[in-house]
Every structure is written in structure tokens, then in C-alpha cells.
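Each remark here refers to the structure printed beneath this line.
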Amino acid sequence: MPATVPVRVRLAPSPTGTLHIGTARTAVFNWLFARHLGGAFLLRIEDTDRERSKPEFTENILDGLRWLGLTWDEEPVVQSARIEAHREAIKQLLESGHAYRCFASDAELAAMRERQQAEGRAPRYDNLHRDLSPEQQQAYIAEGREAVVRFRIDDGATITWNDLVRGEMRWAGSDLGGDMVIARRAPADAIGDPLYNLVVVVDDAAMAISHVIRGEDHIANTGKQLLLYAALGLTPPVFAHTPLILNQEGRKLSKRDGVTSVGDFRAMGYTAEALVNYMTLLGWSPPEGIGERFSLEQAAAVFSFERVNRAGARFDWDKLNWLNAQVLHGLAPDDLRQRLLPLWQARGWGEGTAADGAWQEDLCALLGPSLSLLADGVDQAAPFFTTPEPDEAALALRADAGSRAALTALLERLPEGPVDVETAQGLLAEAATAAGVKKGVLMKGLRAALLGSLKGPDLLTTWLLLHRLGSDRERITAAL
Ligand code: GLU
């Protein structure tokens with residue numbers, strides 16, 4: 001391909017389900033490649049399967065891509081709106097003799113497959129209607145039969161291309177399953193619904209796509225599509241087939257693995273930054289110097305297919321969790337608050353009781369460094385928004401005389417107004433001395449009273465946050 005061809009890539013999702021992690025990863029590689037070369041990243045909604053395509057899936061896919069930061073450059077192309085162009089191309093292939101009408105019935109095709117199976121051969125169309133005479137065609141039409149349109153695939157053909165990931169690729173025409181259906185069954189004077197391989201070629205050419213980057217499960221389609229490009233007199237794009245995402249057992253990640261849609265990861269509390277970072281690592285080895293935690297822009301600056309592996313990429317939850325923790329730990333308290341607020345509000349928190357944004361930011365500053373999932377920011381914030389039920393260890397402490405005496409002494413000294421860290425430290429020391437216990441005893445008792453547990457974030461900060469709500473007095477009193 002001449003160097004002057006502008007780089008234009010596309011993601012071509014079918015809106016027959018929510019945004020799948022595999023599709024999203026394909027989007028990441030397309031986006032990185034386009035941004036690296038200053039090209040355009042486009043979308044095409046492949047909605048030709050009218051029964052299974054739903055507008056809400058299109059919405060879900062676009063939302064997911066937006067959430068991940070995978071911005072696109074032109075209005076998405078809607079495939080179904082281009083059906084006339086697809087029919088034109090089929091007409092052209094019929095006229096040039098590259099395609100023909102096949103009248104074989106379902107029963108005949110099934111019988112053919114059975115025969116092949118019985119003979120131990122791979123199922124394929126036997127090209128039987130390839131050279132029907134006009135009289136034979138008329139006879140089928142008179143019978144009332146409808147016809148599909150098939151594209152001739154020369155068994156002797158060798159299809160080659162230079163794949164950006166897999167290098168020199170070679171495919172035998174005889175391995176493509178016989179003449180391929182490019183339009184569904186319809187009366188012989190019409191053209192039925194155009195099918196995937198034909199439609200993709202016509203659309204990629206019309207959109208001036210320079211590079212087709214997609215999962216390796218499409219490799220056999222690429223063989224067929226290259227034959228279509230040649231028959232239609234179109235220049236094919238460069239192809240890059242990316243490795244599949246595998247589950248822990250090394251099999252292709254599928255719905256059976258549970259979490260597979262981008263929305264699932266989002267709902268589980270993964271950040272877009274971590275997920276997109278992780279997907280980039282699924283099959284791409286970053287060059288030295290950028291480490292494993294990077295932004296899309298940082299990856300785009302150094303992205304190339306030379307560092308995309310051929311082998312499937314095994315999904316690694318530990319790495320995703322690690323990245324997510326890195327992202328969460330690095331968020332400014334205000335940013336974290338913006339992300340947690342909807343989750344808090346879903347629990348009925350964050351409004352009314354402690355609507356004060358500054359207080360919430362301080363809570364985020366306290367919790368941020370210990371979060372791995374956003375959802376942890378709900379669990380860990382719970383004792384700040386509602387009075388926690390004490391656990392066994394906290395209950396046991398309530399019976400401890402030293403701890404009770406120290407808490408009582410603290411309560412007596414607790415001011416109504418604001419308390420700063422220094423004052424708080426002074427109060428703790430005074431109360432412990434007055435009760436005749438070590439400061440540690442009071443600290444333990446205070447934590448149990450405030451949080452209902454002996455575990456939790458930094459005690460002094462926790463106390464001061466609760467003091468701002470006036471809940472420290474309440475909780476200490478309840479523990480005595
Ligand atoms: N609609 C196809 C899919 O979702 C697109 C394949 C392609 O990129 O050509 O798998």
C-alpha cells in the first residue's frame with residue numbers, strides 16, 4: 001500500500017449483545033494504532049441481523065466505548081442503511097460471472113452434508129449449481145424454488161496476505177467451504193439480504209478503511225474477503241489479526257466465564273482507566289520504559305503491532321485488580337468522591353446525613369489508599385454513614401473496665417466544637433492518664449466504639465471525621 005494512504009481503521013460491532021470485552025479489546029488496538037499514526041478511528045454498527053440486533057445494544061456499545069475513553073472520529077456508519085450499495089455489489093458480481101444463483105433446497109443441502117460426513121469428509125458446499133444451464137434454472141423457478149446468491153471460490157486458489165501480527169499468511173481456496181453464500185434466499189428475480197463477508201468488504205472499501213484490525217477468529221473470513229476485493233476490483237486493506245482472550249483454563253473467554261461484558265466490570269467497581277490499561281496488556285507487550293500502568297495516550301505514543309503477540313492472552317484477574325488499585329490509589333480525593341457518590345447515593349448515603357462535599361473528600365482521602373475496587377469504597381464508607389453493628393471483638397471490649405474508664409474520661413473532655421489533630425492527641429493522652437490506662441488501651445476502645453470493629457483506617461482521622469458529624473459522642477455513649 002502506498003505510504004500516502006491515510007490511516008483509517010474501524011470497529012465493527014454487531015449490536016446483538018452488550019459490549020463484550022473481546023470487542024472492547026479490539027477497539028483498544030484500533031484506537032491505539034490510529035492515534036499512534038494520527039489516523040482516524042471509525043465505528044460501523046453491523047446491524048444486518050435484524051432479528052437479533054437491538055437499539056439498546058447499540059447504545060450499550062457506544063456508552064461502553066465512551067466510558068473507556070475510546071473516542072471515535074466520524075458519525076458511526078449504520079450498516080443496514082447501506083443495503084442498496086450491498087445489493088449493487090452483488091449485482092455486479094452476478095453480471096461479471098463471479099456469482100450465481102443456487103437453488104439447492106435445505107433438504108438437499110442437509111443430504112449433501114450427511115453424505116460428506118458418512119465419507120469422513122469436512123462439510124462443504126459441493127458447488128453443484130455453479131454451472132446450471134438457463135433451462136435448468138428455469139425448471140427450478142417453475143418449481144417455485146427461491147435462490148441464494150453464491151460467490152465462486154476457486155478450489156485451486158491460494159490466498160496470501162501479510163498480516164501485521166501473524167506475518168505471511170496463506171490460505172487454500174479449497175479450505176473455504178466451497179462457493180460462499182453472499183445473499184440470502186429470495187425469488188430468482190430479486191436479491192435477498194446480503195451477508196456478512198460481502199457487506200464488510202463493500203463497507204470497508206466505501207469507508208476507505210486502510211487497516212482491518214480484528215480478532216483472529218476472523219482469519220478464514222479474511223481469505224474469503226480478499227477474493228471478494230479482487231472480484232469487485234477493489235484495493236484490499238492491510239489486515240492485523242489480534243490474539244484471542246482466553247480464560248484461566250486457556251480456552252476462548254465466553255459468556256460461560258461469567259463476567260465478559262464491559263458493563264459487568266464497571267458494575268463490579270473497576271475503573272475505566274484500569275480496564276482499558278489491562279485490555280491493552282492483553283496481547284501487547286509494552287516497550288521498556290513505560291511499565292505496566294499507563295494511560296491510553298501513553299500507550300498510543302509507543303504502540304505498534306510488532307509487540308502484539310500471536311499467542312492467545314490469558315485473562316489475569318490479579319493483574320487487573322492490581323492495576324485497578326493503582327488507579328484508585330492515585331485518584332485525587334475529589335475525583336474519587338465523584339465516582340463514589342453515585343454508589344453511595346444508591347445506598348441512600350451522601351445526601352442529607354453528610355452532604356458536605358469537603359467532608360466526603362476528606363473521607364475519600366482516608367479510604368482511597370486502601371481500595372482495590374470502587375465497591376470497597378462503599379463497604380469501607382459504610383461505618384461513616386450509618387452506625388455499624390459491633391462485631392464480637394468490639395463487643396468484648398465493651399466489658400473491659402480499663403477501656404470503659406478511658407472512654408468515659410474522653411467523653412467528659414469531648415468538646416462540642418471543631419477539634420484538630422493536636423487537640424485530639426492531647427485529649428487522648430489526658431483521658432488515658434485520668435483513667436490510669438495506657439493510651440493504646442483507649443485507642444483500641446475508641447476504635448471499637450466508633451467503628452464497631454478493631455480494624456479500620458487511621459484512627460485519629462476516623463475520629464475527627466465522625467466528630468464533624470457529632471457521631472463520636474453518640475457512638476462512645478452507646479458503647480458504654
Ligand atoms: N461484526 C463483526 C463482529 O462483531 C465484525 C468483524 C469485522 O471486524 O470485520 O465480529
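Remember, it's 1-based here, ligands and their atoms both numbered in the order they're listed. Note that the structure is a prediction, hence the values are computed from the model and not measured.
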Specify the protein heavy atom at minimum distance from [atom]: its residue, its atom name, and the distance to 0.1 Å.
atom	result
atom 10 (O) of ligand 1	His218 NE2, 3.0 Å
atom 8 (O) of ligand 1	Arg10 NH1, 2.6 Å
atom 5 (C) of ligand 1	Ala12 O, 3.2 Å

Next item on the list: State which residues pass side chain to side chain donor-acceptor pair (under 3.5 Å) with Ser372; sequence neighbours excluded, sorted by chain then number.
Entry: none
Notebook entry, point to check: With a cut-off of 4.0 Å, which atoms of ligand 1 are near a heavy atom of Arg214?
Noted result: 7 (C), 8 (O), 9 (O)
Note to self: Taking 4.0 angstrom as the limit and counting only heavy atoms of Glu46, give me the atoms of ligand 1 inside it, by number and element.
What the structure shows: 1 (N), 2 (C), 5 (C)
Next item on the list: Assign the ring pair Phe239 / His241 to parallel, tilted or perpendicular, where the plane angle (0 to 90°) is split at 30° and 60°.
Entry: parallel
Next item on the list: Examine Arg130 relative to Tyr100 and say whether NZ or CZ is less than 6.0 Å from the centre of the six-membered ring and inside a 45° cone about the ring axis.
Entry: no
Note to self: Could you work out, with salt bridge (Lys or Arg N to Asp or Glu O under 4.0 Å) as the rule, every residue matching Glu216, not counting sequence neighbours?
What the structure shows: Arg166
Check: What's the spacing between Asn197 CG and Asn221 CG if we round to 0.5 Å?
Finding: 4.0 Å
